[in-house]
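Keep in mind that this is a model prediction, so the values were computed, not measured. Both backbone and side-chain heavy atoms feed into the values below; hydrogens, waters and symmetry mates do not.
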Amino acid sequence: MKLRLRAGSVIEDALLPGIRTHEPLLPQLAAAVREAVERWQPGERLVVAAGVSGLTSREADAASLRSLVADAGAGEVLLAHDSTTSYLGALGPGRGAVVAAGTGVVTLAVGADRVARVDGWGHVMGDAGSGYWIGREALDAVMRAYDGRGPATALRDVAAARWPDLSEAYIDLQSSADRVSTVASFAASTAQLAERGDAVSQDILRRAAHELAFSVSTALHRVGDTHHPAVCAVGGVFGSPLLRAAFEDSLRAGQHDARFVAPLGQGIDGALALAELEPRHPLASFVSSAGH
């Protein structure tokens, strides 16, 4: 995952290496701000807005970030979890639900006066229906087929192309520093094989779609917004036509009047929208700010 930068109305975004979760967050964000200032030289008092994956309450400290970037011209700093900026980028300040599914997944719903976040708890404790979840299910199916515990699947050939001796695949995977991205990479093959008729792959995608739909339905019920809600699904997982169709069918089974809408923009657009968020908006309480 890359860190995306944008300065004001600059058309072309800049991509930097992603956040290193084993290192302190705020110094990395401060370095990204300095990169943006050096690259675009805005020459004016800056408003810094950021949406960050996995942002904890301890790290959501806009005042501390502002102190790190004040000498770069930052006057105001706004800091939020990327579920908030994904929502604003996709639906703007309106009511509804956004599910963002890539390697991980998080769902956010906004009602008249409440916000509900569902999942986004990482590959160990959650992320049901995500790219990692699909890849993990695919590898499980491969080893079941290898053992004779499960049906044959073309996924076995995909795994064997990476690990010719499947009996040793788990050793290589468990010792790899890139094991999360490696597992998630099998989601793309699962989607491709599902389109070609592989029954095991199709089953995995349908189950992933059900998990994603269940998260959206849960979030909508928690905010009390179940009448003709707007639902936006974003992220690479939804690139599979089979999964997207199964997701919509599954959600409509319990939320028959759901409106599936295309995203207005991207998460980076949502970061810019933080500065325009009304103080009384339900999402405003999820934004850490300093330097108004």
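- Side-chain contact of Asp172 with Trp163: a donor-acceptor pair under 3.5 Å is present, judged by distance alone.
- Side-chain contact between Arg162 and Val158 is absent, with no heavy-atom pair separated by less than 4.5 Å.
- Contact record, Met143 with Leu166: CE-O, 3.5 Å, taken as the closest heavy-atom pair.
- To the nearest 0.5 angstrom, Leu173 atom CG is 6.5 Å from Leu139 atom CG.
- Taking all atoms of both residues into account, the shortest heavy-atom contact from Ala141 to Val200 is CB-CG1, 3.6 Å.
- A donor atom on one side chain and an acceptor atom on the other are not found under 3.5 Å apart for Asp127 and Ser130.
- Residues Gly51 and Ala271 come closest through the heavy atom pair N-CB, 4.4 Å.
- By the 6.0 Å contact criterion, CZ on Arg280 is open, its count of non-hydrogen atoms from other residues, nucleotides or ligands being 12 or less.
- Under the 3.5 Å distance criterion, with hydrogens and angles disregarded, a donor-acceptor pair is assigned to the side chains of Thr153 and Asp198.
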Q: Show your reasoning for whether side chain to side chain contact (heavy atoms under 4.5 Å, CB included) applies to Asp269 and Leu88.
A: CA-CA 7 Å; Asp269 300 298; Leu88 290 171; over 6 Å; no
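- Each of Arg95, Arg259, Gln255 was evaluated against Pro229; a single residue qualifies, Gln255, per the side-chain contact (heavy atoms from CB on, under 4.5 Å) test.
- Hydrophobic clustering keeps Leu264 apart from Ile268 (ILVMFWY residues linked when any side-chain heavy atoms are closer than 4.5 Å, directly or through intermediates).
- With Leu274 as the fixed residue, the side-chain contact (heavy atoms from CB on, under 4.5 Å) test singles out one of Leu78, Val48, Leu79: Leu78.
- The shortest side-chain heavy-atom distance between Ile204 and Leu155 falls under the 4.5 Å cut-off.
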(Q) His281 vs Val110, test: side chain to side chain contact (heavy atoms under 4.5 Å, CB included). Steps then yes/no. (A) CA-CA 10 Å; His281 192 280; Val110 176; 4.0 Å; yes
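- When all heavy atoms are compared, the tightest approach of Ala145 to Ala152 is CB-CA, 4.4 Å.
- Annotation for Glu195: atom CD counts as buried by contact number, over 12 foreign heavy atoms lying within 6.0 Å.
- At distances below 3.5 Å, at least one donor-acceptor pair connects side-chain atoms of Gln28 with backbone N or O atoms of Pro24.
- Checking each of Asp147, Asp140, Val142 against Arg144 for a side-chain contact (heavy atoms from CB on, under 4.5 Å) leaves exactly one that passes, namely Asp140.
- Nearest approach of Ala30 to Leu65, heavy atoms of both residues: N-CD1, 3.9 Å.
- No side-chain heavy atom of Leu108 sits less than 4.5 Å from a side-chain heavy atom of Ser86.
- At a threshold of 4.5 Å between side-chain heavy atoms, the hydrophobic network of Ile, Leu, Val, Met, Phe, Trp and Tyr places Val99 and Phe260 in one connected group.
- In this structure, the side chain of Arg179 engages the main chain of Ser176 through a donor-acceptor pair within 3.5 Å.
- Going from atom OG of Ser285 over to atom CG of Leu277 covers 9.5 Å, rounded to the nearest 0.5 Å.
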Q: Check the pair Leu55 / Leu25 against side chain to side chain contact (heavy atoms under 4.5 Å, CB included), numbers first and verdict last.
A: CA-CA 9 Å; Leu55 185 69; Leu25 170 67; 3.4 Å; yes
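- Side-chain N or O atoms of Glu276 include none that pairs as donor or acceptor with a backbone N or O of Ala273 at under 3.5 Å.
- Enclosure of atom OH in Tyr170 is not indicated, since only 12 or fewer non-hydrogen atoms of other residues, nucleotides or ligands lie within 6.0 angstrom.
- At least one side-chain heavy atom of Leu283 sits under 4.5 Å from a side-chain heavy atom of Val115.
- With hydrogens and angles disregarded, no donor-acceptor distance shorter than 3.5 Å links the side chain of Tyr132 to the backbone of Gly102.
- Between the side chain of Arg58 and the backbone N or O of Asp61 there is no donor-acceptor pair closer than 3.5 Å.
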Q: Dump the intermediate steps for side chain to side chain contact (heavy atoms under 4.5 Å, CB included) on Ser240 and Leu205, then the final yes or no.
A: CA-CA 9 Å; Ser240 163; Leu205 292 192; 3.4 Å; yes
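- Checking side-chain atoms of Ser175 against main-chain N and O of Ile171 turns up a donor-acceptor pair under 3.5 Å.
- Separation of atoms CH2 (Trp133) and CG (Leu212) is listed at 8.5 Å; rounding is to 0.5 Å.
- Under the 4.5 Å side-chain heavy-atom criterion for ILVMFWY residues, a single connected hydrophobic cluster contains both Phe186 and Leu242.
- Distance CG/Leu220 to NE2/His227: 13.0 Å, rounded to 0.5 Å.
- Here the side chains of Asp203 and Glu137 are not in contact, with every heavy-atom distance at 4.5 Å or above.
- Taking CG from Asp249 and CZ from Arg244, the interatomic distance works out to 12.5 Å, rounded to the nearest 0.5 Å.
- By the 4.5 Å heavy-atom criterion applied to side chains, Val237 and Leu243 are counted as neighbours.
- Note: Phe247 and Phe238 have perpendicular aromatic rings, judged against thresholds of 30 and 60 degrees for the angle between ring planes.
- Taking every heavy atom of both residues into account, His210 and Ser250 meet most closely at ND1-OG, 3.3 Å.
- Using a 3.5 Å distance cut-off with no hydrogens or angles, the side chains of Gln192 and Ser189 do not pair a donor with an acceptor.
- At least one donor-acceptor pair under 3.5 Å links the side chain of Thr218 to the backbone N or O of Phe214.
- Using a distance-only test at 3.5 Å, with no hydrogens or angles considered, no donor-acceptor pair links the side chain of Ser215 to the main chain of Val118.
- Using a 4.5 Å heavy-atom threshold, the side chains of Val98 and Val231 count as separate.
- The shortest distance between side-chain heavy atoms of Tyr146 and Ser167 falls below 4.5 Å.
- When hydrophobic clusters are built by joining Ile, Leu, Val, Met, Phe, Trp and Tyr residues whose side-chain heavy atoms come closer than 4.5 Å, directly or via intermediates, Val106 is not grouped with Trp121.
- Taking CZ of Arg117 as the start and CZ of Phe286 as the end, the distance is 10.0 Å to the nearest 0.5 Å.
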